[in-house]
Protein chains: 2
Amino acid sequence: MVHPTTMKEIARQLGVTVSTVSRALQNHPSIGLRTRERVHELAKRLDYVPNPTAINLKRRRTHNIGVVLPFLTEQFFSTAISAIEDVAISKGYSVVVMQSRNDYERERLVVGNLVKHGVDGIIVSLASETQNNSHFLEVNKHGIPIVFFDRVARNLPNSCVYVDVTAGAIEAVEYLISLGLSRIALLNGPGTLQATDERLKGYVTVMNRHGIPINRAYVRSVNLSKEDTARKMSELLDLPEPPQAVLAFNDYVALDAMQVCRQRGLAINQDIYFGSFSNLPFCSYLEHPPIASIEQFPHDMGTKAIQLLIAAIEDPQHFTREEVVIPHKLIVRQ
Amino acid sequence: MVHPTTMKEIARQLGVTVSTVSRALQNHPSIGLRTRERVHELAKRLDYVPNPTAINLKRRRTHNIGVVLPFLTEQFFSTAISAIEDVAISKGYSVVVMQSRNDYERERLVVGNLVKHGVDGIIVSLASETQNNSHFLEVNKHGIPIVFFDRVARNLPNSCVYVDVTAGAIEAVEYLISLGLSRIALLNGPGTLQATDERLKGYVTVMNRHGIPINRAYVRSVNLSKEDTARKMSELLDLPEPPQAVLAFNDYVALDAMQVCRQRGLAINQDIYFGSFSNLPFCSYLEHPPIASIEQFPHDMGTKAIQLLIAAIEDPQHFTREEVVIPHKLIVRQ
DNA sequence: CTGTTAGCGCATTCAA
DNA sequence: TTGAATGCGCTAACAG
């Protein structure tokens with residue numbers, strides 16, 4: 001089928017106008033029953049499918065929404081997208097995904113692609129290397145709504161959805177301390193992420209609260225790669241007084257760090273304890289998982305993000321910026 | 001910006017025609033240097049972005065490709081999508097994702113959405129419950145190319161990309177036997193999937209080859225849910241002569257089954273061994289992973305699938321059906 | 001109840 | 001070198 005059936009073709013074969021066909025197809029009340037039936041019948045026989053592009057052109061809407069996030073392969077993000085896709089479908093939208101790979105330049109590129117591509121709105125979880133928001137300002141200038149989730153840019157005039165990471169960090173560290181541990185390290189994320197600051201803040205809060213002096217050698221940043229995590233964890237273990245526990249930026253960092261510990265003969269949840277963020281499902285398959293993890297409910301975050309976005313798309317006049325804080329939860333294992 | 005800048009607006013402000021603007025923007029040689037510069041300058045000043053919908057309407061192409069697969073949250077699939085997205089971007093396409101959740105009706109629905117939405121082509125990994133291909137025939141009728149990957153429908157006239165699962169099963173079972181194990185069970189997938197038959201065929205081949213009689217109680221199907229897997233694994237363990245090893249449909253099935261074993265006090269890779277398919281990255285974090293897993297290279301499958309699809313989109317005349325078999329690899333752990 | 005007309009934003013053929 | 005005219009496929013206001 002080189003040329004798909006169009007309304008014009010149906011109109012020709014039926015000897016009526018295109019507008020008649022158009023109205024018949026939409027079951028417009030002003031069309032004669034007889035005509036309507038003939039049109040529908042022929043349309044079915046010719047496998048007529050309305051050309052979405054033409055409709056979009058008229059409606060000035062594509063019903064496409066773009067999602068930009070670091071990695072599709074991280075279950076945290078794929079869970080969020082899964083939720084987003086679910087809501088999107090139920091509301092008649094499609095989801096276009098693009099990964100930034102935590103690379104600032106690539107994030108710029110794909111965000112640009114999305115506007116060139118004509119999405120009605122964009123959901124973003126920032127690349128860890130992004131330190132400049134000009135590409136989002138650009139999108140705003142075009143009147144395309146954005147909603148940030150998890151890795152948000154709170155200084156932009158767009159809505160965002162996130163969890164209170166500081167509170168989460170506080171709970172996690174409190175829990176580690178309640179186990180009688182005091183030499184607690186922080187394997188934090190890159191300084192470009194707000195979430196990194198927030199974890200640090202929670203960590204410091206609890207340490208101060210308990211009068212535990214902060215050992216600066218215990219606080220390290222990783223770029224979220226396996227290699228960097230392994231290096232930083234090794235450095236921690238090489239300290240004259242290695243930590244008894246580590247609060248990791250997320251489960252991936254925790255897992256990579258735990259692997260280093262095991263290679264050095266340390267028993268997890270015995271010689272050394274881990275706290276982390278995300279509570280990824282596959283941790284439930286581990287015999288020695290991080291003992292505490294902050295569940296961040298990516299499914300809820302994704303759901304809320306797309307609800308906000310669709311609201312912004314469908315009623316741009318009345319929509320105002322929102323900051324939604326999704327409740328987190330400390331999960332204790334074993 | 002309620003009304004984005006259009007060529008018409010630029011033309012008006014410059015006192016030229018839309019056609020001039022159009023040509024100037026494309027750097028058409030027949031446009032005076034002076035005019036071209038003025039157009040470009042004003043376009044930039046007004047933040048002109050060409051309306052992709054209008055261009056699509058003219059070009060009769062959307063540069064959107066749809067991907068339908070069971071679950072975005074399974075790393076096997078997210079890895080494939082990740083590869084697909086990568087190639088897509090580099091070729092100027094965008095990826096629209098939809099998950100079938102292994103549900104036949106939902107698969108029908110989203111495939112229909114994709115054609116209504118106007119994608120140029122579709123990549124599919126079948127839902128496990130799909131037993132009828134009429135929705136794909138429908139797509140074919142509209143001249144939209146499809147490429148299947150991993151969970152393929154080889155009886156359809158579309159290209160497909162997969163690994164030789166039978167060969168993989170043969171290698172895995174051979175390996176288990178080489179460990180001195182002979183009571184080997186098969187925790188297979190749903191009967192609707194070709195991949196299920198293929199695993200069975202490999203299993204039977206090796207058992208016959210070694211003269212090991214096939215215990216029909218050892219061969220079970222699961223619907224890929226955690227609960228069903230747990231139930232079937234329990235049944236295996238309840239047999240008067242429980243298996244010494246299990247070949248699982250994939251790593252998820254293996255993990256769920258292994259959990260049941262552990263709960264019963266069995267030591268993995270000691271009291272009972274597991275072979276599986278996928279070799280998911282997070283298995284490397286397990287202290288007792290499946291001892292053998294068939295790596296299926298989802299990244300390669302995705303890459304090949306989209307290459308075939310783009311070829312079919314861009315040269316529909318010369319394109320012919322292809323079946324691509326991606327090499328697999330037996331990964332032995334520990 | 002149906003046809004006519006116009007237009008969405010852009011590319012392109014044909015004139016000038 | 002530029003403009004005028006046409007059409008991609010569809011919707012909708014207006015007219016009859």
Side-chain angles (χ1 to χ4, degrees), chain A residues 1-40 42-43 46-64 115-120 142-144, chain B residues 1-40 42-43 46-64 115-120 142-144:
Chain A
M1 186 176 297
V2 181
H3 288 295
T5 309
T6 66
M7 294 196 330
K8 187 195 281 181
E9 175 64 15
I10 297 178
R12 197 185 59 72
Q13 295 198 25
L14 253 38
V16 297
T17 359
V18 174
S19 8
T20 304
V21 175
S22 170
R23 283 180 287 224
L25 254 15
Q26 318 177 49
N27 294 318
H28 193 285
S30 77
I31 288 293
L33 185 58
R34 176 91 190 90
T35 315
R36 185 192 307 181
E37 277 171 355
R38 288 175 62 219
V39 169
H40 273 108
L42 185 56
L46 298 182
D47 289 312
Y48 171 74
V49 174
N51 181 325
T53 308
I55 296 177
N56 289 341
L57 183 58
K58 281 228 63 102
R59 300 232 182 286
R60 290 138 170 273
R61 282 270 195 80
T62 61
H63 281 265
N64 274 158
V115 347
K116 273 193 240 151
H117 216 98
V119 293
D120 291 340
H142 290 294
I144 300 174
Chain B
M1 187 176 294
V2 182
H3 289 295
T5 310
T6 66
M7 295 197 328
K8 186 196 280 183
E9 176 62 14
I10 296 178
R12 197 185 58 72
Q13 294 197 26
L14 254 38
V16 297
T17 1
V18 174
S19 4
T20 304
V21 175
S22 171
R23 283 181 285 227
L25 254 15
Q26 321 176 48
N27 294 319
H28 193 286
S30 78
I31 289 294
L33 185 59
R34 177 89 191 93
T35 315
R36 184 192 307 180
E37 277 172 355
R38 288 175 63 217
V39 170
H40 273 107
L42 185 56
L46 298 181
D47 289 312
Y48 171 74
V49 174
N51 181 325
T53 309
I55 296 177
N56 290 340
L57 183 58
K58 281 221 74 92
R59 299 234 182 289
R60 291 137 170 275
R61 282 270 194 80
T62 61
H63 281 266
N64 273 157
V115 347
K116 273 193 241 148
H117 224 95
V119 294
D120 291 341
H142 290 295
I144 299 174

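Note on naming: letters A, B, ... go to the chains in the order of the sequence lines (proteins, then strands), and numbering restarts at 1 for each one.
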- Note on the structure: Atom NZ of B/K8 and atom P of C/dC10 are separated, to the nearest Å, by 10 Å

- Message: Just by distance, no angles: are the side chains of B/T20 and B/T17 close enough, under 3.5 Å, to form a donor-acceptor pair?
- Response: yes

- A/T62-A/N56 side chain donor-acceptor pair, cut-off 3.5 Å: no

- Between P of C/dG3 and CG of A/L14, the distance in whole Å: 10 Å

- Query: To the nearest Å, how far apart are B/R60 CZ and C/dC10 P?
  - Reply: 19 Å

- Item | Euclidean distance, atom CG of residue B/N51 to atom C1' of D/dC8 [Å, nearest integer] | 13 Å

- Query: Just to confirm, is there a sub-4.0 Å distance from OP1 or OP2 of C/dC1 to any side-chain nitrogen or oxygen of A/T35?
  - Reply: no

- In sequence, state the C-alpha distance, the side-chain angles, and the governing distance for A/H63 and B/H117, and then conclude on side chain to side chain contact (heavy atoms under 4.5 Å, CB included). CA-CA 9 Å; A/H63 281 265; B/H117 224 95; 4.1 Å; yes

- Using a cut-off of 4.0 Å between protein heavy atoms and nucleotide atoms, how would you tag nucleotides 11-16 of chain C 5' to 3' with B, S and -? BBB---

- Query: Rounding to a whole Å, what distance do you find between A/K116:NZ and C/dC10:C1'?
  - Reply: 17 Å

- Message: One pair to check against side chain to side chain contact (heavy atoms under 4.5 Å, CB included): B/K58 and B/I55. What are the steps and the verdict?
- Response: CA-CA 5 Å; B/K58 281 221 74 92; B/I55 296 177; 5.8 Å; no

- Item | Nearest-Å distance for atom pair CG/C1', residues B/L46 and C/dG9 | 16 Å

- In whole angstroms, how far is the P atom of D/dT2 from the CG atom of B/N27? 13 Å

- For side chain to side chain contact (heavy atoms under 4.5 Å, CB included), just list the numbers for B/Q26 and B/I31, CA-CA rounded to whole Å, side-chain angles, deciding distance to a tenth of an Å, and then say yes or no. CA-CA 10 Å; B/Q26 321 176 48; B/I31 289 294; over 6 Å; no

- Note on the structure: Sorted by chain and residue number, the side-chain contact (heavy atoms from CB on, under 4.5 Å) partners of A/V119 (sequence neighbours excluded) come out as A/N64, A/L114, A/I122

- Per atom distances to the B/V16 side chain, the nearest of C/dC8, C/dT4, D/dG3 is D/dG3

- Task: Using atom CZ of A/R36 as one end and atom C1' of C/dC1 as the other, report the distance to the nearest whole Å.
- Result: 11 Å

